[in-house]
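Let me begin by presenting the structure, written as structure tokens, before commenting on it.
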Amino acid sequence: MGRWPTGSRERLQRAALTLFVEKGFDQTSVADISSRAGVTERTFYRQFGEKREVLFDGGKSLELAITEHLSTSPAEERPLEAAEHALVHAATEFFSDRLPFARQRQSVIDANPELQERELLKMASLVDAIRDSLESRDTPDIAARLAAEMAVAAFKVAFGSWIDPANDLSLADLIRTCLDEMRDVAAH
């Protein structure tokens, strides 16, 4: 079995996102996406299980990058610091050149309650993955859960700020800023 044509996945993502913005998520069919991308529906389904996957495709890769970074972090690093470094690493690796895509993607998600629910599930999965990684470093359960929840909360706020058209900071810088603010809030 041969490999898929280079770039067909990316073409499908771009086509889908464009159509989701133009027509709406629910009004866009797989046939529409495939046609716009210049591929068959069969190619679409070999790349993505369904049209929602176009928007959530990178979630597991992001989660894996974060947990792998956590697994190699120094043992003396406090749980929240380790989670912060892992998120900053992932933000730099995954998001540095994806701002236009992220803005469009979020606008599609914000317009569809079903997609909002899926995004919440993705964030919950990320919390669980970070918690599990911290626990594997012998972090006590409550500390691991709190650090994971705090880190993902900061990530969500940072992401929202990053996609704001008025923003000129990197996602990594915004994650650091949000976690610093969180520490300040907790200290008072």
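Predicted, not measured: the structure shown is a model, and the values here were computed from it.
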Judged by atom type as modelled, is there a donor-acceptor pair below 3.5 Å linking the side chain of [X] to the main-chain atoms of [Y]?
| X | Y | value |
| --- | --- | --- |
| R11 | G38 | no |
| K51 | T28 | yes |
| R131 | R145 | no |
| T67 | L64 | yes |
| E53 | F48 | no |
| R36 | A15 | no |
| T18 | R14 | yes |

> How about D184: does its CG atom have over 12 heavy atoms from other parts shown lying under 6.0 Å from it?
Replying inline: yes
>> Are there over 12 heavy-atom neighbours, none belonging to Q116, within less than 6.0 Å of that residue's CD?
In response: yes
For the residue pair [X] and [Y], establish whether any side-chain heavy-atom pair is separated by less than 4.5 Å.
| X | Y | value |
| --- | --- | --- |
| R78 | L80 | no |
| S125 | K60 | yes |
| L179 | I175 | yes |
| R105 | F20 | no |
| V185 | M182 | no |
| E119 | F56 | yes |
| L115 | F25 | yes |
| L12 | V54 | no |

> Excluding sequence neighbours, so at least two apart, what forms side-chain hydrogen bond (donor to acceptor under 3.5 Å, both in side chains) with E50?
Replying inline: R52
> Among all residues two or more places apart in sequence or in another chain, which pass the side-chain hydrogen bond (donor to acceptor under 3.5 Å, both in side chains) test with H85?
Replying inline: E77
Smallest separation among heavy atoms of [X] and [Y], with atom names:
| X | Y | value |
| --- | --- | --- |
| S34 | F44 | OG-CB, 3.5 Å |
| T139 | P79 | CG2-CG, 3.5 Å |
| S61 | F94 | O-CZ, 3.4 Å |
| R103 | I163 | NE-O, 2.8 Å |
| D141 | E135 | OD1-OE2, 2.6 Å |
| V127 | A148 | O-CB, 3.4 Å |

>> I'd like to know whether S136 forms a side-chain hydrogen bond (donor to acceptor under 3.5 Å, both in side chains) with S133, so could you lay out the CA-CA distance, the side-chain angles of the two residues, the decisive distance to 0.1 Å, and finally the verdict.
In response: CA-CA 5 Å; S136 72; S133 291; 5.2 Å; no
Group every Ile, Leu, Val, Met, Phe, Trp and Tyr by side-chain heavy-atom contacts under 4.5 Å, then state whether [X] and [Y] land in the same group.
| X | Y | result |
| --- | --- | --- |
| L169 | L87 | yes |
| W162 | V88 | yes |
| L171 | L99 | yes |
| L62 | L70 | yes |
| I130 | M123 | yes |

Nearest 0.5 Å please: distance from the [atom1] atom of [X] over to the [atom2] atom of [Y].
| X | Y | atom1 | atom2 | result |
| --- | --- | --- | --- | --- |
| T72 | R137 | OG1 | CZ | 9.0 Å |
| L126 | I66 | CG | CD1 | 4.5 Å |
| L120 | K156 | CG | NZ | 6.0 Å |
| E81 | E76 | CD | CD | 10.0 Å |
| Q13 | L55 | CD | CG | 9.0 Å |
| E63 | E68 | CD | CD | 11.0 Å |

>> Between D110 and S107, is the side-chain hydrogen bond (donor to acceptor under 3.5 Å, both in side chains) condition met? List the steps.
In response: CA-CA 5 Å; D110 290 346; S107 74; over 6 Å; no
>> What I want to check is whether the side chains of S35 and D32 have a donor and an acceptor closer together than 3.5 Å.
In response: no
> With a cut-off of under 6.0 Å to the ring centre and 45° to the axis, is R98 in cation-pi contact with F95?
Replying inline: no
>> Taking salt bridge (Lys or Arg N to Asp or Glu O under 4.0 Å) as the definition, give me every residue that meets it alongside R183, ordered by chain and number, with sequence neighbours left out.
In response: E84, D180
> Does the salt bridge (charged side-chain N to carboxylate O under 4.0 Å, His left out) test come out yes or no for D57 and R9, once each step is laid out?
Replying inline: CA-CA 10 Å; D57 181 50; R9 188 175 194 83; 2.5 Å; yes
